[in-house]
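Since the structure comes first, as structure tokens, the remarks are kept for the end.
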2 protein chains.
Amino acid sequence: MYEDLLNHIEKYIRLNDAERQLLVSVMRYEKVPKKGFLLKSGKVCSSRFFVLSGCLRQYIIKENEVEQIIQFGLPGWWICDHHSFENNQPSEYCVQATEVSEVAILDAAIQEDLFSKIPSLERYFRLIFQRAYDASLTRIGLEYCMSGEERYHQFAKNFPDFVQRVPQYMLASFLGLTPEFISIIRAKKGK
Amino acid sequence: MYEDLLNHIEKYIRLNDAERQLLVSVMRYEKVPKKGFLLKSGKVCSSRFFVLSGCLRQYIIKENEVEQIIQFGLPGWWICDHHSFENNQPSEYCVQATEVSEVAILDAAIQEDLFSKIPSLERYFRLIFQRAYDASLTRIGLEYCMSGEERYHQFAKNFPDFVQRVPQYMLASFLGLTPEFISIIRAKKGK
DNA sequence: TGAATTTCTTAAAGTAGTTCAATTTTTTGC
DNA sequence: GCAAAAAATTGAACTACTTTAAGAAATTCA
């Protein structure tokens with residue numbers, strides 16, 4: 001059930017049998033229906049979600065009620081509002097499944113105990129967050145260096161299957177564009 | 001000399017005297033003149049820089065030779081190209097001092113040894129990167145939710161002293177705007 | 001101190017992307 | 001399998017921001 005999670009972790013650190021077993025015993029499994037919520041804004045984000053299958057989206061709601069997607073969570077990715085999680089404060093984010101999804105859940109309540117029993121998990125998450133932070137800075141750079149149209153093309157080139165997988169308006173939101181503009185881009189290319 | 005660094009670390013983890021001493025003994029100190037470089041693109045980023053005083057800027061160079069600033073490093077902030085650092089690969093970034101600055105340097109060559117001797121440093125960096133990642137996602141969200149003008153006003157409100165501290169064209173680059181446009185915004189407000 | 005360089009401002013013309021509104025296409029659920 | 005809902009497209013009017021260019025102000029350093 002947690003095969004993919006264990007494999008992911010063991011790409012970064014080594015676990016012995018006891019540790020593997022402990023980890024599996026404290027994780028929770030959840031199957032989320034399409035449009036099901038794992039986090040709603042105003043609530044505390046009391047869990048980290050590791051995506052086993054499906055796809056999540058993390059978004060905030062702008063003043064005008066419009067949803068701004070911050071990131072997608074595909075299998076092998078952790079999704080969490082870290083600030084809310086660590087400080088037990090209400091979150092600004094919503095996390096919703098864009099399709100039927102399965103997640104492995106690590107609850108805040110048990111995190112510290114788990115880390116103290118498997119200290120190398122600190123290293124695992126250090127490496128995970130370091131990578132994610134790095135990717136996030138790269139993204140900021142690209143955002144400012146490329147036009148909206150270029151961003152779309154690059155994304156479509158890098159993740160051709162994913163572009164098919166989520167509705168176009170979600171992709172538009174994620175890329176900071178309007179669905180109408182993506183339509184225009186696509187019409188251009190079709191010609 | 002490394003007071004601020006130790007204080008920073010001890011906000012997140014506890015160090016004993018031996019650990020403090022070890023840490024201090026392996027850090028390097030460097031004073032960087034205004035416009036001095038700590039990293040140039042094409043080179044491997046073989047150090048993490050903790051800003052003790054002054055201010056750094058991290059930027060990439062776009063096709064058109066224009067510099068795009070990704071982030072500033074103020075005292076208490078770590079600056080590094082994590083990907084280059086961990087994988088020993090050439091960096092895309094430049095890191096330059098915008099004013100006379102002092103940094104504490106942690107070299108890649110000694111990181112693993114240091115972490116094995118002070119394992120709680122993994123936790124320290126896990127927490128640091130978690131925070132930085134979180135901040136970076138928040139920034140992406142704001143970028144898409146606010147107009148350029150709003151972004152400038154919010155930034156100027158949150159960091160009034162910093163706006164005075166760096167040339168306006170650097171601020172413009174960081175905010176993804178042109179210096180001309182910031183001039184217009186300021187002229188408006190002046191009225 | 002004063003000449004050279006860097007930074008900031010102003011204004012006019014141009015453009016990438018938005019907004020709005022109406023229509024078509026695709027997907028969903030009973 | 002069909003009605004209803006959700007998503008995508010089209011086009012016209014609009015706007016936030018850029019580009020270019022030239023002059024003014026501020027900063028640097030010999």
Side-chain angles (χ1 to χ4, degrees), chain A residues 32-37 54-55 57 59 62-69 72 96-101 142-156 162-191, chain B residues 32-36 54-55 57 59 62-69 72 96-101 140 142-156 162-191:
Chain A
V32 197
K34 183 168 180 174
K35 298 196 179 171
F37 282 94
C55 177
R57 66 182 181 124
Y59 64 90
K62 306 196 223 177
E63 323 82 54
N64 42 359
E65 305 279 308
V66 176
E67 298 166 358
Q68 174 60 54
I69 297 180
F72 291 106
Q96 189 190 33
T98 67
E99 55 189 84
V100 180
S101 304
L142 289 177
E143 220 147 88
Y144 284 141
C145 289
M146 307 198 302
S147 69
E149 185 164 357
E150 286 171 322
R151 254 180 286 143
Y152 173 80
H153 285 316
Q154 199 210 266
F155 189 85
F162 186 71
V163 172
Q164 306 297 95
R165 195 160 163 185
V166 297
Q168 176 165 305
Y169 74 90
M170 286 192 190
L171 204 64
S173 171
F174 174 72
L175 293 172
L177 301 171
T178 55
E180 291 89 340
F181 187 57
I182 292 199
S183 269
I184 295 170
I185 296 174
R186 285 192 171 166
K188 268 194 219 172
K189 196 137 202 185
K191 267 196 304 193
Chain B
V32 197
K34 184 171 180 171
K35 298 196 180 172
C55 178
R57 66 181 181 125
Y59 63 90
K62 306 196 224 179
E63 321 82 54
N64 42 358
E65 306 278 310
V66 176
E67 297 166 358
Q68 173 60 55
I69 298 179
F72 291 105
Q96 189 190 34
T98 66
E99 56 189 83
V100 181
S101 303
I140 288 174
L142 289 177
E143 218 147 89
Y144 284 141
C145 289
M146 308 198 302
S147 69
E149 185 164 0
E150 285 171 323
R151 254 180 288 145
Y152 172 80
H153 285 316
Q154 200 210 265
F155 189 85
F162 185 72
V163 172
Q164 307 297 95
R165 194 161 164 184
V166 298
Q168 174 165 305
Y169 73 89
M170 286 192 191
L171 204 65
S173 171
F174 173 72
L175 293 173
L177 301 171
T178 56
E180 291 88 344
F181 187 56
I182 292 198
S183 268
I184 294 171
I185 295 174
R186 284 191 172 166
K188 266 194 221 173
K189 196 135 202 186
K191 267 194 304 194

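Lettering of chains follows the sequences in order, A, B, ..., and the numbering in each one begins at 1. Predicted, not measured: the structure shown is a model, and the values here were computed from it.
Straight-line distance from the CZ atom of B/R186 to the C1' atom of C/dT10: 15 Å, rounded to whole Å. In this structure, CD1 of A/I185 is placed 15 Å from C1' of D/dT10, rounded to the nearest angstrom. If you take NZ of A/K35 and C1' of D/dA7, they are 10 Å apart, rounded to a whole angstrom. Distance B/I182 CD1 to C/dT7 C1': 13 Å, rounded to the nearest Å. Residue B/Q164 contributes atom CD, which lies 11 Å from atom P of C/dC8 at whole-angstrom precision. In this structure, B/Y152 places its OH atom 14 Å from P of D/dC17, rounding to the nearest Å.
At least one cation-pi condition fails for A/R165 and A/F162: the charged atom is not both under 6.0 angstrom from the six-membered ring centre and inside a 45 degree cone around its axis.
Between B/P33 and B/A97, the closest heavy-atom pair is O-CB, 3.6 Å.
Phosphate proximity of C/dT9 to B/Q168: present, with a side-chain N or O under 4.0 Å from OP1 or OP2.
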Check residues 169-180 of chain A and write down every donor-acceptor pair under 3.5 Å in which the side-chain atom is one partner and the other belongs to a residue at least two apart or another chain.
from: A/S173; atom 1: OG; to: A/E67; atom 2: O; distance (Å): 3.2
from: A/S173; atom 1: OG; to: A/I69; atom 2: N; distance (Å): 2.9
from: A/T178; atom 1: OG1; to: A/F181; atom 2: N; distance (Å): 3.2

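With rounding to the nearest 0.5 angstrom, the CD atom of A/E149 is 13.5 Å from the CD atom of A/Q154.
A side-chain donor-acceptor contact under 3.5 Å links B/Q96 to the backbone of B/K35.
With respect to the salt-bridge test (charged N to carboxylate O, under 4.0 angstrom), the residues B/E143 and B/R151 do not qualify.
Among the protein residues, A/P179 comes within range of no part of the nucleic acid, since none of its heavy atoms lies under 4.0 Å from any strand.
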Study note, to complete from the structure: Protein-proximity profile, nucleotides 12-30 of chain C, B/S/- by nucleotide at the 4.0 Å heavy-atom cutoff, equals -----SBBB-------S--
